[in-house]
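Because the structure is predicted, anything quoted here is derived from the model rather than measured.
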Amino acid sequence: MTKEKTDETSHPVLQNAPSLPFVGSLITKYSGVSFDMNTQYENGLEGRRRFGDFFTLGVPGFGTGLHGTLYSITDPNEMMKIVRNEGAHPSGLVEKIWALRKGLKDSNSAIVDGEDYGLLGKGERWKKQRTFLQTGMLCPKAARGFIPGIVGAAEMASEIAPSHANDLNNYLNYCAFDMFSSFMFGELTNTAGSVITTTTTGEDGNSCESNDENVKFVKAALGVFHHLDALGMSPWDYFMVEKIGIKTKQYRAFEDLWDTVREIGRKKLYSFMERHEQGNLNDIEKASYFASAIDRQASEGPDGISRDEMVELCLFALMVGVDTTSSVTAWNLMHLALNPTVQNKLHEELSAVVSQNGGKLDANVLSKSSTPYLHACIRESHRITPAFGQVMSKSNSKSAVEVHGVTLPKDSVTALAHISYDPTYVDNPRDFKPERWSAEAVSSRKGTRSELVDHPIYRDPFSQGARRCPGSRVATNEVLSIIAQLVLDWKITSPLTSLDDVPYDSGLIKPIMPRLEFTARA
């Protein structure tokens, strides 16, 4: 994966994709820019083919001004100028999700105070809420402490993987919820094991009564994300709901699902708080993130966040934890099923390491030093099939900044495009080769154009800077755990033979999984 290095003193010329007021570049026949959510990988390549490595396009609700102007770039070093220009109160993508902000406000979420949207804003309340939420998540030592529970949830989920062969996308959503619940509550919910697939179409059958609400929560959370994606790409809904104040059919559907998420999530959280106050938590629950959050909130006093804010923040984290992890896990599982040689090599590595640990996964087994090929597989999956259409989007909140020799005004919105599956930068980009991430392969790219893909900004799907996903370490441990456990337990095969045959879904990009075969390992 080496490409000849270009002249670093030259800059790509800024191009402008056609755009109109209020609708931006969303009319593809006019702009030549595709926003088809089911071809997001292809859209990025085609956009660069038409407009180059530095261009503007209009995305109302996300960009700035009447056109929703957004700058698209491909050089991570130029993007770091934007990251370093974030300021004390940086802007982030979540600020642009207007329907979610309105949903929180209309439901009287304590995250919102008047026109201050807290975690979904960028002021002092954002900083206070963000600091509280990330404490106990981003710290490496703290994150490692939750791995036993996550591994326990992964073990339970892996046992029944074959029974979900027809509904793997749903199964992985339940796995994500179960693993995050072990972190949040110290609870092994086993939602994945409670849902019985009864049809060949992959529809859910019956679920254990004790898990009915968990299943309902997961389905509602996924519905929320689906409608947020649709609302975010609809100037009509944005104008009617935000500007006129008329709730559209799409927004009402989102609102109903959001109400379900809040009802079930808040019930779980307040029930846990009541048992905490009564001293009825077991030792595992006492060591959970939420138990620690309750203690921290109480100790901070009036200068900290309120109890209601704490509940709403943890509810938000519980909802978000369903989708991102399952998307990343699904792509990893799909690549391993399509590449049996890679899967066998990974199984050999994992088997050798766990044989020295009683056959069990733990924090040491899942470390990069112990299982480098596991980490290389996950990095390679992210390279070919990232979960988001863009690496990140940010605003230069402090001041104007020069990018590729052009001065971008303060508060401009810039998106970094993926180059990791672009043949301009990567040899045979559709081939799944975890060996690309060996020390030798990385060293061989030094001094070539291909070395851009080794930039830390492309390392994972969790963004960079002050608004990096606060749950990134937890999510990474979840992906490591479930993929490692599945490969240890099963030989996984696909009826498909090429990545080109795998369709993918919109929003957080995830493969539409075919029926995979799970054969027990000897």
**Study point:** Stepwise ring-ring contact (aromatic ring centres under 6.0 Å, His included) test for Phe239 and Phe22
**Key:** CA-CA 9 Å; Phe239 181 76; Phe22 303 111; 7.3 Å; no
Review point. Asn85 and Val83: side-chain contact (heavy atoms from CB on, under 4.5 Å), yes or no, with the steps?
Key: CA-CA 5 Å; Asn85 201 279; Val83 173; over 6 Å; no
Point to revise | Derivation and outcome, side chain to side chain donor-acceptor pair (under 3.5 Å), residues Lys219 and Asn170 | key: CA-CA 9 Å; Lys219 290 182 176 180; Asn170 286 335; over 6 Å; no
Exercise for review: Determine, stepwise, if the pair Arg262 / Glu312 fulfils side-chain contact (heavy atoms from CB on, under 4.5 Å).
Suggested key: CA-CA 9 Å; Arg262 290 194 79 240; Glu312 295 287 344; 2.3 Å; yes
Exercise for review: Please report the C-alpha distance between Thr329 and Ile483 in whole Å, then the side-chain angles of each, then the deciding distance to 0.1 Å, and finally whether the side-chain contact (heavy atoms from CB on, under 4.5 Å) criterion is met.
Suggested key: CA-CA 7 Å; Thr329 303; Ile483 290 299; 3.9 Å; yes
Point to revise | Pair Asp422-Leu45, side-chain contact (heavy atoms from CB on, under 4.5 Å): steps then yes or no | key: CA-CA 7 Å; Asp422 188 331; Leu45 293 173; 3.8 Å; yes
Exercise for review: Determine, stepwise, if the pair Glu309 / Arg125 fulfils salt bridge (charged side-chain N to carboxylate O under 4.0 Å, His left out).
Suggested key: CA-CA 11 Å; Glu309 282 179 277; Arg125 291 185 70 251; 3.3 Å; yes
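Nearest heavy-atom pair across Thr414 and Met79 is O-CE, 3.5 Å. The shortest heavy-atom contact between Phe51 and Gly32 is CE1-O, 4.5 Å. In plain terms, the two heavy atoms of Leu120 and Arg101 that are nearest each other are O-NH1, 2.6 Å. Of all heavy-atom pairs spanning Leu119 and Trp126, the tightest one is O-CD1, 3.4 Å. Residues Tyr171 and Ala161 come closest through the heavy atom pair OH-CB, 3.5 Å. Of all heavy-atom pairs between Gln134 and Pro470, the closest is CB-CB, 3.8 Å.
Taken from OG in Ser181 to CG in Asn214, the straight-line distance is 6.0 Å, to the nearest 0.5 Å. Rounded to the nearest 0.5 Å, atoms CG (Asn339) and CE (Met334) are 9.5 Å apart. Residue Met80 holds its CE atom at 5.0 Å from CZ of Arg84, rounded to the nearest 0.5 Å. Here Asn477 contributes atom CG and Ile482 contributes atom CD1; the two are 13.0 Å apart, rounded to the nearest 0.5 Å. Expressed to the nearest 0.5 Å, how far OG of Ser109 lies from CH2 of Trp258 amounts to 6.0 Å. Note that the NZ atom of Lys96 and the CG atom of Leu70 stand 9.0 Å from one another [nearest 0.5 Å].
The backbone N or O of Ser399 lies less than 3.5 Å from a partner atom in the side chain of Asn396, making a donor-acceptor pair. Formation of a donor-acceptor pair under 3.5 Å by the Trp331 side chain with backbone atoms of Ser381 is not found in this model. Between the Ser31 side chain and the Ser25 main chain, a donor and an acceptor come within less than 3.5 Å of each other. The backbone N or O of Glu380 sits nowhere less than 3.5 Å from a side-chain atom of Arg436 that would complete a donor-acceptor pair. Side chain of Ser393 to backbone of Ala415: no donor-acceptor contact under 3.5 angstrom is found. Under the 3.5 Å distance criterion, the side-chain polar atoms of Lys394 are matched with a main-chain donor or acceptor of Gln464. In this structure a side-chain-to-backbone donor-acceptor pair under 3.5 Å is present from His455 to Ile457. With hydrogens and angles disregarded, no donor-acceptor distance shorter than 3.5 Å links the side chain of His404 to the backbone of His11. Between the Tyr504 side chain and the Tyr41 main chain, a donor and an acceptor come within less than 3.5 Å of each other. Side-chain N or O atoms of Ser234 include none that pairs as donor or acceptor with a backbone N or O of Ala230 at under 3.5 Å.
Judged purely by distance below 3.5 Å, without hydrogens or angles, the side chains of Tyr425 and Arg449 pair a donor atom with an acceptor atom. With no hydrogens or angles considered, no side-chain donor-acceptor pair links Thr248 and Trp236 at under 3.5 Å. Counted by atom type alone, Glu478 and Thr325 present one or more donor-acceptor pairs between their side chains at under 3.5 Å. For the residue pair Ser395 and Asp411, no side-chain donor N or O sits within less than 3.5 Å of a side-chain acceptor on the partner. Asp36 and Ser34 form no side-chain donor-acceptor contact under 3.5 Å, judged by distance and modelled atom types alone. Side-chain contact, Glu517 with Thr493: no donor N or O sits under 3.5 Å from an acceptor N or O.
Here Phe180 and Phe183 bring their ring centres to under 6.0 angstrom of each other. Residues Phe55 and Tyr71 place their aromatic rings such that the two centres sit no closer than 6.0 Å. Aromatic ring centres of Phe254 and Tyr251 lie closer together than 6.0 Å.
Lys105 places none of its side-chain heavy atoms less than 4.5 Å from the side chain of Lys102. When side chains are defined from C-beta on, Leu499 counts as touching His335, because their heavy atoms get closer than 4.5 Å. Between Cys314 and Met184 the shortest side-chain heavy-atom distance falls below 4.5 Å. Side-chain contact between Phe217 and Thr191 is absent, with no heavy-atom pair separated by less than 4.5 Å. Residues Ile378 and Val479 form a side-chain contact, since some pair of their non-hydrogen atoms from C-beta on lies under 4.5 Å apart. Side-chain contact between Asn43 and Phe35 is absent, with no heavy atoms from C-beta onward closer than 4.5 Å. Taking the side chain as every heavy atom from C-beta outward, Arg266 and Val311 approach each other to under 4.5 Å. The side-chain heavy atoms of Asp75 and Asp53, taken from C-beta on, include no pair separated by under 4.5 Å.
A salt bridge links Arg467 with Glu95: the closest approach of a Lys/Arg side-chain nitrogen to an acidic carboxylate oxygen falls below 4.0 angstrom. Salt bridge present: Asp323 and Lys510 bring a charged side-chain N and a carboxylate O closer than 4.0 Å. With respect to the salt-bridge test (charged N to carboxylate O, under 4.0 angstrom), the residues Glu78 and Lys81 qualify. Under the 4.0 Å criterion applied to side-chain N and carboxylate O atoms, Glu255 and Lys247 are assigned as salt-bridge partners.
Atom CD of Glu263 has 12 or fewer heavy atoms from other residues, nucleotides or ligands within 6.0 Å. Counting non-hydrogen atoms of neighbouring residues, nucleotides and ligands closer than 6.0 angstrom, the NZ atom of Lys410 exceeds 12 such neighbours.
Ring geometry for Tyr238 versus Trp98: interplanar angle over 60°, hence perpendicular rather than tilted (30 to 60°).
In this structure, Arg445 forms a cation-pi arrangement with Trp437, its terminal cationic atom sitting closer than 6.0 Å to the ring centre and no more than 45° off the ring axis. Taking the ring axis of Phe462 as reference, the NZ or CZ atom of Arg468 does not stay both within 45° of it and closer than 6.0 Å to the ring centre.
Scanning for side chain to side chain contact (heavy atoms under 4.5 Å, CB included) contacts around Leu257 gives Ala220, Val224, His227, with sequence neighbours left out.
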